[in-house]
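In what follows, a structure is listed as structure tokens, so that the remarks can point back to it.
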Amino acid sequence: MSEERISILKGVKKILVKIGSGVLTGHNGLDLDIIGHLVDEISEYSKKGFRFVIVSSGAIASGMNRMGFKESLKSLPQKQAAAAVGQGRLMRVYSNAFGRHELVTAQILLTMSDLTDRQRFLNTHNTLLTLMEWGVIPIINENDTVSVDEIKFGDNDNLAAIMANIMEANLLINLTSTEGLYDRDPRKTENPTLIPLVTEITAEIEKAASSEAGTVGMGGMKSKVIAAGKVTASGIPYIIADGKKTGILGDILSGRETGTLFLPMKQHLKSKKYWIAFTLRSRGKICIDRGAENAIVNQGRSLLPSGIVRVEGDFHMGDPVTCINEDGVSIAKGLVNYSSSDIDRIKGLKTSRIEQVLGDKQYDEIIHRDNMAVSR
Ligand code: GLU
């Protein structure tokens, strides 16, 4: 048992478990044995006072099996239709398995647009907390049937990362079909070494994560490591482990060395800033000069009109916008107090001149510090 494992497990109560399609599905659709084992473990720990939220894939894979399709589906409508067939079955399997332990499940289906709207984001947060208070096990999946590219999470690794932040999880366990993160792609090289601990997501770690997914999964190791970056940035430890290994949750929760543990970042983003940084899609760019860059990165200041060199894109007041420096490097993301056309008119000016130029002044700042997540 390593010191890191012991220290992260201290005080863990709320856990998000993400279960990938590669874990849940066997040759004949959903693997009821695997699901049964995982549910037994989650139930055992729930009874000890731990609170769980599950992000589960498997809808498309289960729907494909039910329809007798062997080849992976090509078109989006086909995948959406398969998810519509499979999601109900997936929930029924979970509900029966938890029912054996007298635990109740709840289904939550989400798209990205549900979470980019602050009100719906907060509603999701409140519903989740209420379900957890009731001792119900929420089971979340992407609402595949209505998702289009613009509102897709991309894959459930990303959805799980966002949900861990919303539920204020103390730990995210990403169960997949490999032991964890290896130094080289285990499917392409012999004798790869498992990386037991990641203290920082360096370029080397990113390189170790292959982008290829298994036959039924969506994300592959790359999306798991990108998700790790988001999760650890909000101060939550993250473990990638083998979901098919019997007793895996017990092993992890009793501190045994298994899988890859990513330590949380010491300085992490508060929930609202996390939402801005990782949930919202940027609507444009504001290029800032060195002085403004220094004020934002080193002095914790807001963005004022005087430091703005250029505006790119067409956006409105309240939209999320990326601040880039003069080399084009992204510095921060935040919610703007002025539209792109107004910013274009007041860029480079002192705040005292805003009213004179625009005829009105609601704010001194273009992006207030409280609504800004700094990325460097
Ligand atoms: N939402 C998809 C499903 O349930 C899976 C997405 C993923 O595996 O990341 O089938």
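Since the model is a prediction, treat every value here as computed from it, not as a measurement. As the structure lists them, so they are numbered: ligands from 1, and atoms in each ligand from 1. Side-chain atoms are counted along with the backbone in the values below, which use heavy atoms only and exclude waters and symmetry mates.
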Does [X], backbone or side chain, put an N or O under 3.5 Å from an N or O of ligand 1?
X: Asp144; value: yes
X: Ser57; value: yes
X: Asn156; value: yes
X: Gly58; value: yes
X: Asn141; value: yes

Does a side chain donor of either [X] or [Y] reach within less than 3.5 Å of an acceptor in the other side chain?
X: Ser223; Y: Asp157; answer: yes
X: Lys273; Y: Asn371; answer: no
X: Ser147; Y: Glu142; answer: yes

Should Asp327 and Arg290 count as an ion pair when the cut-off is N to O under 4.0 Å? yes
Fit a plane to each ring of Phe50 and Phe52, take the angle between them on a 0 to 90° scale, and name the class: parallel (under 30°), tilted (30 to 60°) or perpendicular (over 60°). tilted
At a 4.0 Å cut-off, with the gap strictly under it, does some heavy atom of Ser21 reach an atom of ligand 1? yes
Numbering the atoms of ligand 1 from 1, which are under 4.0 Å from a heavy atom of Asp155? 9 (O)
Tyr274 side chain to Ala373 main-chain N or O, any donor-acceptor pair under 3.5 Å? no
